[in-house]
Amino acid sequence: MDARSLVWWLRLWAPIVLCALLIGGPSCAVAAQEPRGASTDATNPRAQRLLIQGMTETQLGDHEEAISYFEAALEQAPESPVLLRALADAYDAQGDLSTALFYAQQAHRNGTSRPDYARHLAEMQRAVGEPAAALRTYESLLGQFPDCDDAYRARATLQAELGRTEAAIQSYEAYLDRVELPPIDVYRRLLPLYRETEDEDGIEETLRTLVDRRPTMPTYQRHLGNYYADRERPRKALGLLAPLGRRHPNDDSLQQQVQRLAHHAGRTTAPPPKEQPSDPLGSQPSSTEAALRRAQSVYDTATMSSPPDTTRLRAAADLLRDALRQSPNSEAVLSLQAQLYESWGRPEQAGQAMEQLLELAPRTPDRWVRAAKTYYRARRDVQAAKLAEEGGHLFPGHMPLARIAAFALLRSGTPGQAREHFQSALSLLDDSPPPHEEAVLLAGLGLANSRLGQPQDADDALENALALAPDHSDVLRLYAQSLTHRGERLDRALDLAEQAVGHAPDSPPAHHALGQVHLQRNELDAARRHLRIALDTAPPSAPLLERLGDVEKALGNDAAAQTYWQRAAKRVPDRASLREKLADPANS
């Protein structure tokens with residue numbers, strides 16, 4: 001359709017669309033009273049014409065021209081929620097979210113007898129990063145219009161986003177009670193909430209519903225079978241997984257699991273015929289070595305995809321547990337188990353496997369490094385530092401262990417000990433180390449000095465680090481953090497942090513540092529944006545959650561601030577700053 005035809009079409013149909021906007025009923029019951037301003041629109045021909053012209057320009061993509069028409073129409077009908085909503089959408093299309101939010105608030109204020117405007121306002125509040133405000137809007141909407149079924153679902157999504165797991169479950173369950181055939185996505189969203197609260201009945205019922213609703217999708221059947229297997233209910237698990245095994249005869253991990261379940265359930269099942277020659281090891285490992293080889297094969301297959309296939313990782317983990325029952329001290333099995341848990345995103349369990357390895361072979365320095373790094377990635381900084389220091393006692397002069405101890409201690413809030421390890425690591429470097437390696441250690445030393453109240457020593461180390469590696473994201477980030485901690489030269493800190501993100505756009509620590517700078521500069525929207533990116537892409541840390549709470553508090557979102565602070569306090573219950581914030585009645 002060319003532009004001329006589009007204009008003709010809009011002129012023909014826009015009056016009908018306008019009537020729908022003015023008098024069309026929403027999807028849930030509403031009060032009989034018309035919104036203020038609607039009658040003005042319906043009886044004012046000039047306002048109607050201007051609105052139609054603005055809609056035409058919107059369809060043609062000229063939002064600036066559309067805004068001029070909508071504003072002229074608003075002069076004719078100053079309180080029209082339809083016109084205010086149209087202005088909000090036009091500014092939204094231009095990317096001016098703050099102005100769009102203003103007009104959405106005005107439309108809601110003048111259109112309180114229809115839920116559409118409340119929904120639109122909540123969507124805008126969420127778009128600008130105010131989920132707590134959006135949640136309050138939905139709460140108000142449901143208080144006035146309890147039959148708005150979709151609002152229960154939207155409220156649940158926001159509650160889950162804000163960490164209010166129990167409330168989210170209640171809202172989703174209320175939605176399910178009201179809707180005859182709810183979308184399958186609701187059950188997908190409920191499942192992790194039930195898992196988080198360890199609601200066994202909820203998990204089982206949701207998985208059963210997913211199997212019933214999507215009987216042709218083997219994923220849900222397998223998840224439910226694994227659920228029963230994990231809870232020592234082999235007969236139920238077998239009832240789900242055995243048919244899958246017959247449909248997928250070449251899935252070795254599934255065949256293994258079916259055979260084990262059959263054994264536990266006291267049944268015998270013949271392995272289904274395979275299209276490919278069978279593995280010479282047989283369907284069930286007969287020794288630790290065979291189990292390890294089978295697990296390695298399944299693990300390799302699982303990690304061929306990105307992200308790894310968690311079903312196959314689970315199968316490999318089962319095989320490794322079987323192998324450990326046969327040989328609890330098998331170093332090869334424990335090593336693969338640690339590797340598997342790291343790939344699975346379970347660094348704490350990986351660290352535990354590494355500690356078992358250390359007990360068996362404490363004279364291998366690389367294992368100490370690997371174990372400490374694993375806990376560091378899990379943000380178990382105290383444990384990481386402990387292992388690195390213990391390894392350092394066994395292997396004096398081991399630079400990687402000194403380096404891990406330094407950064408773990410720095411992040412755990414003990415800069416004095418961290419500085420000692422940074423100095424030790426620097427002294428242990430080779431005569432000609434890679435520039436970035438020395439630079440990162442110097443930058444860490446600089447941040448430790450900042451936190452110890454020694455700004456000159458901090459700047460000396462940081463400037464040397466920057467001279468060695470001016471484009472290294474960690475060096476730039478640590479320099480920015482040093483300045484932010486001292487509250488000095490925040491323009492410089494902002495430039496450094498932005499460079500850090502520019503060089504490593506997917507780095508959670510870089511976004512965290514940039515968020516810190518914006519927070520210190522009272523640029524709250526930008527601070528929240530970058531802190532949330534850090535939260536979405538890495539395991540949550542107490543400092544990050546606390547800073548997000550501080551941002552929400554500064555923005556006036558007290559409920560969201562409380563949620564973030566409480567989540568942080570669960571990780572570090574003894575953190576004094578969190579105790580003070582949660583105990584302060586002004587923050588309640």
Side-chain angles (χ1 to χ4, degrees), residues 129 306-308 342-347 350 369-370 372-381 384 400 403-404 406-413 418 422 425 434-448 450-451 461-462 465-485 490-521 523 525-548 550-551 564 568 571:
S306 181
E342 284 196 79
S343 300
W344 203 344
R346 299 182 175 185
V369 173
R370 184 178 167 192
K373 278 186 176 179
T374 299
Y375 278 119
Y376 185 77
R377 283 192 288 269
R379 304 198 74 88
R380 292 281 301 277
D381 298 318
R403 184 184 189 279
I404 296 169
F407 278 105
L409 289 163
L410 181 64
R411 204 165 65 181
S412 67
F422 279 122
H436 72 273
E437 189 172 339
E438 183 178 2
V440 172
L441 288 171
L442 283 167
L445 176 62
L447 180 54
S450 281
R451 292 179 177 174
L462 287 160
L466 201 61
L468 285 168
D471 297 326
H472 197 284
S473 176
D474 286 338
V475 171
L476 294 161
R477 168 180 65 84
L478 291 164
Y479 203 155
Q481 286 180 280
S482 173
L483 296 176
T484 306
H485 175 78
L490 294 181
D491 289 342
R492 170 76 164 149
L494 179 62
D495 177 60
L496 291 164
E498 286 177 339
Q499 287 186 61
V501 170
H503 288 294
D506 297 326
S507 166
H511 283 283
H512 188 173
L514 183 52
Q516 284 180 264
V517 179
H518 282 301
L519 176 58
Q520 188 81 352
R521 291 163 59 92
E523 296 162 350
D525 289 334
R528 177 166 55 184
R529 182 170 66 255
H530 287 285
L531 292 174
R532 281 185 173 173
I533 291 172
L535 183 64
D536 290 343
T537 51
S541 66
L544 175 58
L545 291 167
E546 182 176 6
R547 289 188 182 101
L548 270 166
D550 295 343
V551 171
Y564 283 124
R571 287 163 174 78

*asked:* How about CZ on Arg403, more than 12 heavy atoms from neighbouring residues, nucleotides or ligands closer than 6.0 Å, or not?
replied: no

_When you measure from the centre of the six-membered ring of Tyr564, is the NZ or CZ of Arg547 closer than 6.0 Å and no more than 45° off the axis?_
no

_Pairwise side-chain contact, His436 with Val475, heavy-atom cut-off 4.5 Å (strictly under)_ = no

*With a 4.5 Å heavy-atom cut-off, do Leu514 and Ile533 have their side chains touching?*
no

*Contact summary for Leu462 and Gly446, nearest pair of heavy atoms*: CG-CA, 3.9 Å

*Run the numbers on Leu531 and His511 for side-chain contact (heavy atoms from CB on, under 4.5 Å), then give the verdict.*
CA-CA 6 Å; Leu531 292 174; His511 283 283; over 6 Å; no

_Show the nearest heavy-atom pair for residues Phe407 and Leu441, with the distance to one decimal._
CE1-CD2, 4.4 Å

_Any Arg451 side-chain heavy atom under 4.5 Å of Leu410 side chain_ = yes

*asked:* I need the Gln499 CD to Leu466 CG distance, nearest 0.5 Å.
replied: 8.0 Å

*Going from CG on Leu544 to CZ on Arg532, what distance comes out if it is rounded to the nearest 0.5 angstrom?*
11.5 Å

_Atom of Ala527, atom of Val551 and distance for their closest heavy-atom approach_ = CB-CG2, 4.1 Å

*Return the minimal non-hydrogen interatomic distance between Ala500 and Ser473, and the atom names on each side.*
O-OG, 3.1 Å

*asked:* For the CG atom of Leu494 and the CD atom of Glu498, what is their distance to the nearest 0.5 Å?
replied: 4.0 Å

*Would you say the ring centroid of His512 lies under 6.0 angstrom from that of His530?*
no

*asked:* Nearest 0.5 Å, please: how far is CZ in Arg521 from CG in Leu490?
replied: 6.5 Å

*Measure across Ala465 and Ala443 and return the closest heavy-atom pair with its distance rounded to 0.1 Å.*
CB-N, 3.8 Å

*Nearest-0.5 Å distance, CZ of residue Arg528 to NE2 of residue His518*: 13.5 Å

_Rounded distance [0.5 Å steps], CG in Asp381 versus CD1 in Ile404_ = 12.0 Å

_Atom of Gln520, atom of Thr484 and distance for their closest heavy-atom approach_ = NE2-O, 3.6 Å

*Can any side-chain N or O of Arg411 pair as donor or acceptor with the backbone N or O of Tyr376 at less than 3.5 Å?*
yes

*Between the side chain of Ser482 and the main-chain N/O of Leu478, is any donor-acceptor distance below 3.5 Å?*
no

